[in-house]
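Keep in mind that the numbers below use all heavy atoms, side chains included, and drop hydrogens, waters and symmetry copies. As the structure is a prediction and not an experimental result, all values here were calculated from the model.
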Amino acid sequence: MSSRSPRTLRTLLIATGAVGALVLSACGSSATPAASSTTAAGTSAATTAASPADTSAAATGTASGDATASASTIEPIATATTATADEIAAAKSKLIAPGKLTVCTSLPYPPFESADIDGNIVGFDMDLMDQIAKDLGVEKTVIDTDFTGIKSGQAMTSGICDIAAAAMTITPERKAVINFSDPYYDASQALLVLSSSSVTSLADLSGKKLGAQAGTTGQSYADKHAAEFGYTVVEFQNITDVEQAVQSNNVEAGIHDDGPLFDYVNQQAGAVKIAANFKTGEQYGFGAALTNTALIAVANAMLKRTTADGTFKTIQDKWIKIG
């Protein structure tokens with residue numbers, strides 16, 4: 001999921017497993033992760049999530065848009081539907097914990113990653129990580145960590161985790177330090193307002209306040225058009241702060257990635273709505289250390305396989321509710 005501003009986080013681990021190849025399935029944090037794991041039968045309990053995730057990069061696009069967005073997932077472009085035995089063996093040999101795929105994410109960022117009522121880390125990204133663990137024949141362990149360490153590549157190169165799954169936008173700057181998978185999700189920016197609001201575009205915010213999470217693509221997009229449309233950008237630490245500011249009418253609108261905002265709207269029983277959607281050309285990818293080409297080959301093959309056999313669409317329909 002874009003740049004997230006630095007924050008103090010609680011590190012948590014949760015494990016979900018995959019028992020074999022035949023079983024389906026946005027500077028780093030100072031906290032030291034403590035791991036736990038289970039088999040494919042389920043997930044272990046986790047502590048309450050402490051930090052939000054989001055994506056960041058310099059966004060481009062038009063400043064007006066249709067509030068109804070089409071499904072944002074895209075077909076991966078891997079050339080093989082299954083990883084080779086050599087790729088799997090090479091990827092497994094590089095795992096920082098034998099028999100475990102250690103995944104970095106940054107919470108909360110529903111529907112991509114969040115803690116459920118039992119403390120299990122769930123979401124669109126997590127289900128796709130289950131698929132990689134399945135192909136490798138290993139368990140999955142998830143670490144909640146600062147997105148700053150993820151987007152810089154430090155979390156992977158320093159051995160905190162094998163792969164990042166954090167709704168992370170692929171950008172040229174990040175590609176210089178991260179080995180990205182094929183893109184698996186097309187993101188755009190959306191404008192959140194109260195259901196009673198007459199705002200339908202950025203132009204309607206002249207003389208008003210627009211909330212954005214600091215260090216995110218939404219903030220970049222909002223800053224880019226502020227002078228043009230005459231609104232004031234108000235920065236917030238977390239996306240939940242932006243949502244609450246809209247609900248309490250402290251800002252007239254909030255801007256953020258469309259997936260999380262549509263998820264929020266669906267939970268609010270008609271209190272808020274999406275007023276506009278801005279096509280910014282952002283794409284999410286999973287990330288590993290630059291030298292870990294084998295694991296990315298496995299990830300790309302997984303994306304192709306799950307697209308071909310319908311698993312990707314099943315996972316998409318389970319988590320992504322756009323419009």
Side-chain angles (χ1 to χ4, degrees), residues 13-25 28 33 35-40 75-105 113 121 124-143 145 149-168 170-172 174-185 283-309 311-312 315:
L13 298 182
I14 178 144
T16 60
V19 292
L22 299 180
V23 182
L24 178 66
S25 84
S36 62
S37 65
T38 64
T39 63
E75 181 176 349
I77 58 174
T79 57
T81 57
T82 56
T84 67
D86 286 345
E87 287 169 339
I88 289 174
K92 291 177 73 172
S93 72
K94 290 179 175 290
L95 296 177
I96 60 174
K100 295 180 181 179
L101 177 68
T102 306
V103 179
C104 279
T105 196
E113 38 266 337
I121 308 304
F124 183 54
D125 284 349
M126 297 301 104
D127 281 4
L128 291 175
M129 289 295 103
D130 285 337
Q131 293 292 315
I132 296 178
K134 169 210 157 180
D135 289 345
L136 292 174
V138 299
E139 296 177 352
K140 182 190 77 183
T141 297
V142 181
I143 300 174
T145 190
I150 293 176
K151 71 172 184 174
S152 69
Q154 181 183 356
M156 292 76 80
T157 58
S158 64
I160 294 175
C161 57
D162 301 303
I163 193 167
M168 180 165 52
I170 301 168
T171 71
R174 292 174 189 171
K175 288 176 72 173
V177 293
I178 295 172
N179 190 2
F180 276 102
S181 70
D182 294 334
Y184 67 93
Y185 185 84
Q283 294 181 314
Y284 296 168
F286 303 123
L290 285 175
T291 57
N292 200 347
T293 56
L295 183 55
I296 291 303
V298 173
N300 287 341
M302 177 279 294
L303 290 171
K304 192 66 174 179
R305 170 181 64 79
T306 56
T307 298
D309 67 18
T311 303
F312 190 95
I315 294 172

Any idea which heavy atoms bring [X] and [Y] closest together, and the distance?
X      : Y      : answer
Val177 : Ser152 : CG2-O, 3.3 Å
Ala165 : Thr105 : O-OG1, 2.8 Å
Ala90  : Ser93  : O-OG, 2.6 Å
Ala91  : Ala294 : N-CB, 3.6 Å
Ala166 : Ile150 : CB-CD1, 4.1 Å
Gly159 : Ile96  : O-CD1, 3.2 Å

To the nearest 0.5 Å, how far apart are [atom1] in [X] and [atom2] in [Y]?
X      : Y      : atom1 : atom2 : answer
Ile178 : Asn292 : CD1   : CG    : 12.5 Å
Met156 : Leu290 : CE    : CG    : 8.5 Å
Ser181 : Ile132 : OG    : CD1   : 7.5 Å
Leu95  : Glu139 : CG    : CD    : 11.5 Å
Glu113 : Met126 : CD    : CE    : 5.0 Å
Asp135 : Thr82  : CG    : OG1   : 8.5 Å

**OP:** Any chance you could lay out the side-chain contact (heavy atoms from CB on, under 4.5 Å) test for Ile315 and Thr306, step after step, and finish with the verdict?
**Re:** CA-CA 9 Å; Ile315 294 172; Thr306 56; 5.6 Å; no

**OP:** Could you give me the CA-CA distance, side-chain angles and deciding distance for Leu295 and Leu136, then say whether side-chain contact (heavy atoms from CB on, under 4.5 Å) is met?
**Re:** CA-CA 9 Å; Leu295 183 55; Leu136 292 174; 4.1 Å; yes

Subject >> Donor on one side chain, acceptor on other, Thr311 and Asp309, under 3.5 Å >> reply: yes

Determine whether a donor-acceptor pair (N or O, by modelled atom type, separation under 3.5 Å) exists between the side chain of [X] and the backbone of [Y].
X      : Y      : answer
Lys175 : Ile170 : no
Thr102 : Asp162 : no
Asp182 : Asn300 : no

**OP:** Have a look at Phe312 and tell me which of Tyr184, Tyr185, Phe124 forms a ring pair (Phe, Tyr, Trp, His ring centres under 6.0 Å) with it.
**Re:** Phe124

Subject >> Option from Ile163, Asn179, Val103 for which side chain to side chain contact (heavy atoms under 4.5 Å, CB included) with Phe286 holds >> reply: Ile163

Original post:
Does any non-hydrogen side-chain atom of Met129 lie less than 4.5 Å from one of Val142?
Top reply: no

Original post:
Should Lys140 and Asp130 count as an ion pair when the cut-off is N to O under 4.0 Å?
Top reply: yes

